[in-house]
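Here's the structure we're looking at; comments come further down.
This one's a predicted model, so the numbers in the text were calculated from it and none came from an experiment. For ligands, and for the atoms within them, numbers begin at 1 and follow the listed sequence. FYI, the numbering just counts along the sequence from 1. We use all heavy atoms of the structure for the numbers below, so side chains are in, but hydrogens, waters and symmetry mates are not.
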Amino acid sequence: MKIIITKDYEEMSKEAFKIVKDVISSNSEAVLGLATGSTPLGLYQNMIKDHKENGTSYKKIKTVNLDEYAGLDYSSDQSYVYFMRHNLFDHIDIDLANTNIEDGKAADRIKECERYTKLLDILKQDIQVLGIGSNGHIAFNEPGTPFGSDTHIVDLTESTIKDNSRLFERIEDVPRQAFTMGLKNIMHAKKILILANGKNKANAVYGLVKGEVSEACPASVLQLHPDCTLVCDIEAAELIK
Ligand code: F6R
């Protein structure tokens with residue numbers, strides 16, 4: 001795994017942007033695997049700035065997102081589809097028809113997982129952007145998720161519900177289930193870019209880089225990926241220096 005340690009969040013976001021920009025520059029039809037959450041917001045701001053200042057075009061770019069809360073769709077501003085439009089897609093020239101995310105409101109959740117897995121087999125990510133949960137989760141693959149998993153429904157752990165409750169009015173409002181790309185679907189990306197910042201991610205970053213490769217720490221599977229880069233700030237890197 002390649003590791004880049006930066007002095008702060010701003011520098012982490014700039015380094016991440018350079019890596020994503022390289023992929024887009026070498027292939028104007030690239031498939032970008034994207035994440036929600038606080039961590040990639042700075043990366044998305046850099047992408048928007050670059051689009052506006054340098055005209056980098058996303059017209060032929062396709063995207064696949066990691067996950068979505070079960071029961072939420074664009075009509076809820078807590079949904080991940082809303083997050084992506086609000087924080088990235090509405091500010092670049094991407095065709096929304098080329099953006100993909102699980103349908104949180106799908107009537108048949110099992111069928112929806114199958115549909116998304118089939119789609120991912122066709123839209124293999126040229127790069128997959130990831131954040132990491134404080135318990136080592138990637139996407140919503142919580143500790144104990146099999147490395148061979150495809151898109152599936154998860155019951156969120158108390159720790160993830162607590163982490164994510166900051167974005168909701170009340171902790172009771174956080175959905176208890178979500179759709180997520182499986183670890184197998186993440187690992188088939190050609191390139192992986194995982195980002196982490198802040199002290200509360202230091203343990204998870206240790207598990208990602210130096211821990212035993214074990215389903216107890218889902219992110220540790222990335223040690224087996226042939227082209228994975230971690231960009232993290234000095235606080236998140238505290239235990240791997
Ligand atoms: C988001 C996702 C999650 C987050 C992780 C970190 O699509 O799949 O795994 O990447 O929970 O979240 P933040 O960045 O908010 O700390």
Between atom NZ of K60 and atom CD1 of I24, what is the distance when rounded to the nearest 0.5 Å?
-> 14.5 Å
Salt-bridge test for R170 and D173: reply yes if a basic N is under 4.0 Å from a carboxylate O, no otherwise.
-> yes
Side chain to side chain donor-acceptor pair (under 3.5 Å) partners of residues 220-237, not counting sequence neighbours, each pair once = K191-D227
Pairwise ring-ring contact (aromatic ring centres under 6.0 Å, His included) hits with a residue in residues 84-110, at least two apart | Y82-H86
Sorted by chain and number, sequence neighbours left out, ring pair (Phe, Tyr, Trp, His ring centres under 6.0 Å) with Y69 holds for Y80, F140, F168
Output, or 'none' if empty, a list of ligand 1-protein atom pairs in which both atoms are N or O and the distance is under 3.5 Å, rounded to 0.1 Å.
unit_1	atom_1	unit_2	atom_2	d
ligand 1	7 (O)	T36	N	2.9
ligand 1	7 (O)	T36	OG1	2.9
ligand 1	7 (O)	D67	OD1	2.7
ligand 1	8 (O)	D67	OD2	2.5
ligand 1	9 (O)	H137	NE2	3.4
ligand 1	9 (O)	A139	N	3.3
ligand 1	9 (O)	A139	O	2.7
ligand 1	11 (O)	H137	NE2	2.7
ligand 1	14 (O)	S38	N	3.2
ligand 1	14 (O)	T39	N	2.9
ligand 1	14 (O)	T39	OG1	2.4
ligand 1	15 (O)	S38	N	2.9
ligand 1	15 (O)	S38	OG	3.3
ligand 1	15 (O)	R166	NH2	2.9
ligand 1	16 (O)	K201	NZ	2.6

In terms of side-chain geometry, is the basic nitrogen of D150 or K184 positioned less than 4.0 Å from the acidic oxygen of its partner?
-> yes
